[in-house]
Asker: 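Got a structure here, written out as structure tokens. Questions coming.
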Amino acid sequence: MATITPDPVQVEFLQFPALVTSPASAKTYFLGGAGERGLMIEGKFIKFTAIGVYLEDQAIQSLAPKWKGNPSQQLLDNLHFFRDIISGPFEKLIRGSKILPLSGREYSRKVMENCVAHMKSVGTYGEAEAAAIEKFAQAFQNVNFAAGASVFYRQSPHGILGLSFSEDGTLPGKEGAVIENKALSEAVLETMIGEHAVSPDLKRSLASRLPALLDQQGIKI
């Protein structure tokens with residue numbers, strides 16, 4: 001089996017390395033893609049955060065049988081491709097780094113709004129999810145993000161969402177909170193790259209970078 005190593009990605013002043021190893025999970029992940037997230041404010045596009053999606057190497061073996069050989073544009077246009085990333089039987093590590101300073105409450109409020117809206121739209125929001133959202137909010141209560149600071153989401157295929165915070169792009173040695181709720185865990189990534197993605201730029205990055213890895217069916221770690 002041929003193996004290749006993906007390239008790093010830079011978004012504004014933020015560098016997303018090709019490979020990262022998590023002290024919390026002792027696993028190494030490769031960079032699937034990275035892109036900016038912003039909003040139109042008074043006719044001007046303001047970039048607030050940069051998001052990188054890292055995947056376990058098993059992701060290639062999981063995705064290749066169905067998606068190998070598809071060109072980037074077809075992957076970008078196919079919602080099922082991104083859903084297979086979101087719900088695939090492999091771990092994802094999502095890094096959200098701030099381009100502009102944001103308070104933890106301000107940042108988490110928007111994330112929670114998007115996650116709750118998605119879960120309600122697909123019928124997965126109930127008492128357990130409401131409790132998980134409350135725990136999510138509490139994790140950000142005393143966090144303030146300077147420019148360059150990051151939040152990391154470790155999304156387990158078993159429904160565990162691990163949260164950790166860093167003053168830069170370095171993975172912390174310990175997770176600040178662990179939330180066991182599959183619907184919320186998947187909703188976080190769904191809001192980033194799903195049907196109503198907050199970062200179309202991230203989707204384009206994933207769709208442009210993954211075909212080469214899928215065709216080789218290997219990743220060098």
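The residues of the chain are indexed from 1 along the displayed sequence. Side chains are part of it too, since the values below use all heavy atoms of this structure and drop only hydrogens, waters and symmetry mates.
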Asker: With distance as the sole criterion, is a donor-acceptor pair present between the side chains of Ser166 and Asp168 under 3.5 Å?
Answerer: yes

Asker: Which heavy atom of Ser208 sits nearest a heavy atom of Ser72, and at what distance?
Answerer: CA-OG, 3.4 Å

Asker: Do Glu106 and Phe48 make a side-chain contact, defined as non-hydrogen atoms from C-beta onward lying under 4.5 Å apart?
Answerer: no

Asker: Closer than 3.5 angstrom, by distance alone: can the side chain of Arg37 be matched with the main-chain N or O of Ala197 as a donor-acceptor pair?
Answerer: no

Asker: Run through Ile179, Leu161, Leu184, Leu163 and flag the one making a side-chain contact (heavy atoms from CB on, under 4.5 Å) with Lys135.
Answerer: Ile179

Asker: Checking the side chain of Asn70 only, and the main-chain atoms of Leu75 only, is there a donor and an acceptor separated by less than 3.5 Å?
Answerer: no

Asker: Of all the heavy-atom pairs spanning Ser205 and Ala34, show the shortest one and how long it is.
Answerer: OG-N, 3.0 Å

Asker: To the nearest 0.5 Å, what is the distance between CG (Leu100) and NZ (Lys47)?
Answerer: 10.5 Å

Asker: Is the closest side-chain heavy-atom distance between Thr49 and Val198 below 4.5 Å?
Answerer: no

Asker: Where is the tightest heavy-atom contact between Ser62 and Pro89, given as atom of each residue plus distance?
Answerer: OG-CD, 3.5 Å

Asker: Can a salt bridge be assigned to the pair Glu113 and Lys110 using a cut-off of 4.0 Å between side-chain N and carboxylate O?
Answerer: yes

Asker: Just checking Gln138: does its CD atom have more than 12 heavy atoms from other residues, nucleotides or ligands closer to it than 6.0 angstrom?
Answerer: yes

Asker: Strictly distance-based, threshold 3.5 Å: is any side-chain N or O of Ser97 a donor or acceptor partner for the main-chain N or O of Ser150?
Answerer: no

Asker: Assigning hydrophobic clusters by single linkage (Ile, Leu, Val, Met, Phe, Trp, Tyr; side-chain heavy-atom cutoff under 4.5 Å), is Val178 placed with Ile133?
Answerer: no

Asker: Are Val111 and Ile160 connected in a single hydrophobic cluster, I mean Ile/Leu/Val/Met/Phe/Trp/Tyr linked by side-chain heavy atoms less than 4.5 Å apart?
Answerer: no

Asker: Between Glu91 (side chain) and Glu56 (backbone), is there a donor-acceptor pair under 3.5 Å?
Answerer: no

Asker: Determine the minimum heavy-atom distance between Lys98 and Ala146, stating which atoms define it.
Answerer: CB-O, 3.7 Å

Asker: Using a 3.5 Å distance criterion without hydrogens, assess whether the side chain of Asn144 forms a donor-acceptor pair with backbone atoms of Ser103.
Answerer: no

Asker: Say you draw a straight line from CD of Gln155 to CG of Leu55; how long is it, rounded to the nearest 0.5 Å?
Answerer: 10.0 Å

Asker: Which pair of heavy atoms, one from Gly88 and one from Lys92, lies closest together, and at what distance?
Answerer: O-NZ, 2.8 Å

Asker: To the nearest 0.5 Å, how far apart are CG in Asn181 and CZ in Phe136?
Answerer: 12.0 Å

Asker: With distance as the sole test, does Arg209 use its side chain to make a donor-acceptor pair with the main-chain N or O of Gly32 at under 3.5 Å?
Answerer: yes

Asker: Tell me, yes or no, whether the heavy-atom count around Glu127 atom CD, taken from other residues, nucleotides or ligands under 6.0 Å, exceeds 12.
Answerer: no

Asker: Do Leu171 and Thr21 make a side-chain contact, defined as non-hydrogen atoms from C-beta onward lying under 4.5 Å apart?
Answerer: no

Asker: For the CG atom on Asn142, are there more than 12 heavy atoms of other groups (residues, nucleotides or ligands in this structure) within a distance under 6.0 Å?
Answerer: no

Asker: To the nearest 0.5 Å, what is the distance between CH2 (Trp67) and CG (Leu214)?
Answerer: 10.5 Å

Asker: Report the distance from atom NZ of Lys66 to atom CZ of Phe81, rounding to the nearest 0.5 Å.
Answerer: 10.5 Å

Asker: Taking side chain as C-beta onward, heavy atoms only, is Gln74 less than 4.5 Å from Asn78?
Answerer: no

Asker: Taking the six-membered ring for Trp, are Phe140 and Phe165 parallel (under 30°), tilted (30 to 60°) or perpendicular (over 60°)?
Answerer: perpendicular

Asker: Just by distance, with hydrogens left out, do Asp77 and Gln73 show a side-chain donor and acceptor under 3.5 Å apart?
Answerer: yes

Asker: Does any part of the side chain of Met192, heavy atoms only, come nearer than 4.5 Å to the side chain of Tyr153, both counted from C-beta?
Answerer: yes

Asker: For the residue pair Leu14 and Gly148, what are the closest heavy atoms and their distance?
Answerer: CD2-CA, 3.8 Å

Asker: Could you tell me the separation between the CD1 atom of Ile94 and the OG atom of Ser185, rounded to the nearest 0.5 Å?
Answerer: 7.5 Å

